[in-house]
Amino acid sequence: MATEIRQQDGITIVEPSGKIVGPAVSEFREALASQIEASEVPRILINFENVNMMDSSGLGTLVEARTRASRKEGRVGVVNVGNHIRNLIVLSRIVSLFEHFESEADGISGLST
């Protein structure tokens, strides 16, 4: 798994690719944690466009990131969530924890306010 991180209009865009399972979960967790810690009020948009699989450990990483960001009055949004990940989020009943956006541009705009 590779993770691209970039900034746009004050929003940190985290774009993992591949599968967020096994050892890749630690890499994903570290990428999110470092971005959250680096900001006073983190605004993170996770773009799942290039992720084709995530396990429950990856899901736990998302919840952890959301919790860390909330402690700093930050926000975490998601975009381009595929059916596999969407089902995992819905079935685990944490769907309401994340702001969902239709496009990356919508996410940047929504998290900027």
Tell me which donor-acceptor pairs under 3.5 Å the side chains of residues 77-84 have, and how far apart each pair is, sequence neighbours excluded?
| from | atom 1 | to | atom 2 | distance (Å) |
| --- | --- | --- | --- | --- |
| N80 | ND2 | N47 | OD1 | 2.9 |
| N83 | OD1 | R86 | NH1 | 3.2 |
| H84 | NE2 | M54 | O | 3.1 |

Distance in Å, [X] [atom1] paired with [Y] [atom2], rounded so as to fall on 0.5 Å steps:
| X | Y | atom1 | atom2 | value |
| --- | --- | --- | --- | --- |
| L45 | I13 | CG | CD1 | 6.0 Å |
| R66 | L62 | CZ | CG | 11.5 Å |
| I20 | M1 | CD1 | CE | 5.5 Å |
| D9 | T12 | CG | OG1 | 11.5 Å |
| L97 | T67 | CG | OG1 | 7.5 Å |

Report whether I36 and V14 are members of the same hydrophobic cluster (ILVMFWY, side-chain heavy atoms less than 4.5 Å apart, transitive linking).
->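 Linked within one cluster.
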Indicate if L111 and V95 have the same hydrophobic cluster label, given that clusters are the connected sets of ILVMFWY residues with side-chain heavy-atom separations under 4.5 angstrom.
-> no
Shortest non-hydrogen contact from [X] toward [Y]:
| X | Y | value |
| --- | --- | --- |
| T61 | V25 | OG1-CG1, 3.3 Å |
| P16 | F28 | CG-CE1, 3.8 Å |
| S92 | L59 | OG-CD2, 3.3 Å |

Provide the full list of salt bridge (Lys or Arg N to Asp or Glu O under 4.0 Å) pairs with a residue in residues 73-83, sequence neighbours left out, each pair given once.
-> R75-E99
Residue pairs meeting salt bridge (Lys or Arg N to Asp or Glu O under 4.0 Å), one or both in residues 14-33, sequence neighbours left out, come to R6-E15, R29-E64
Do side-chain atoms of S39 reach the backbone of Q35 as a donor and acceptor pair under 3.5 angstrom?
->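 A pair under 3.5 Å: no.
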Answer yes or no: is there a donor N or O on one side and an acceptor on the other, between the side chain of S112 and the main chain of I108, under 3.5 Å?
->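 Looks like yes, one N/O pair under 3.5 Å.
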Within 6.0 angstrom of E37 CD, more than 12 heavy atoms from elsewhere = yes
Heavy-atom neighbours of E40 CD exceed 12 at 6.0 Å =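 Open: at most 12 neighbouring heavy atoms sit under 6.0 Å from CD of E40.
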Other than M53, which residues form its hydrophobic cluster under the rule that side-chain heavy atoms must be closer than 4.5 Å?
-> V21
Qualifying residues under side-chain contact (heavy atoms from CB on, under 4.5 Å), relative to A31, sequence neighbours excluded =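 side-chain contact (heavy atoms from CB on, under 4.5 Å) check on A31 returns T3, I5.
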Residues that R43 engages under side-chain hydrogen bond (donor to acceptor under 3.5 Å, both in side chains), provided they are two or more places apart | none
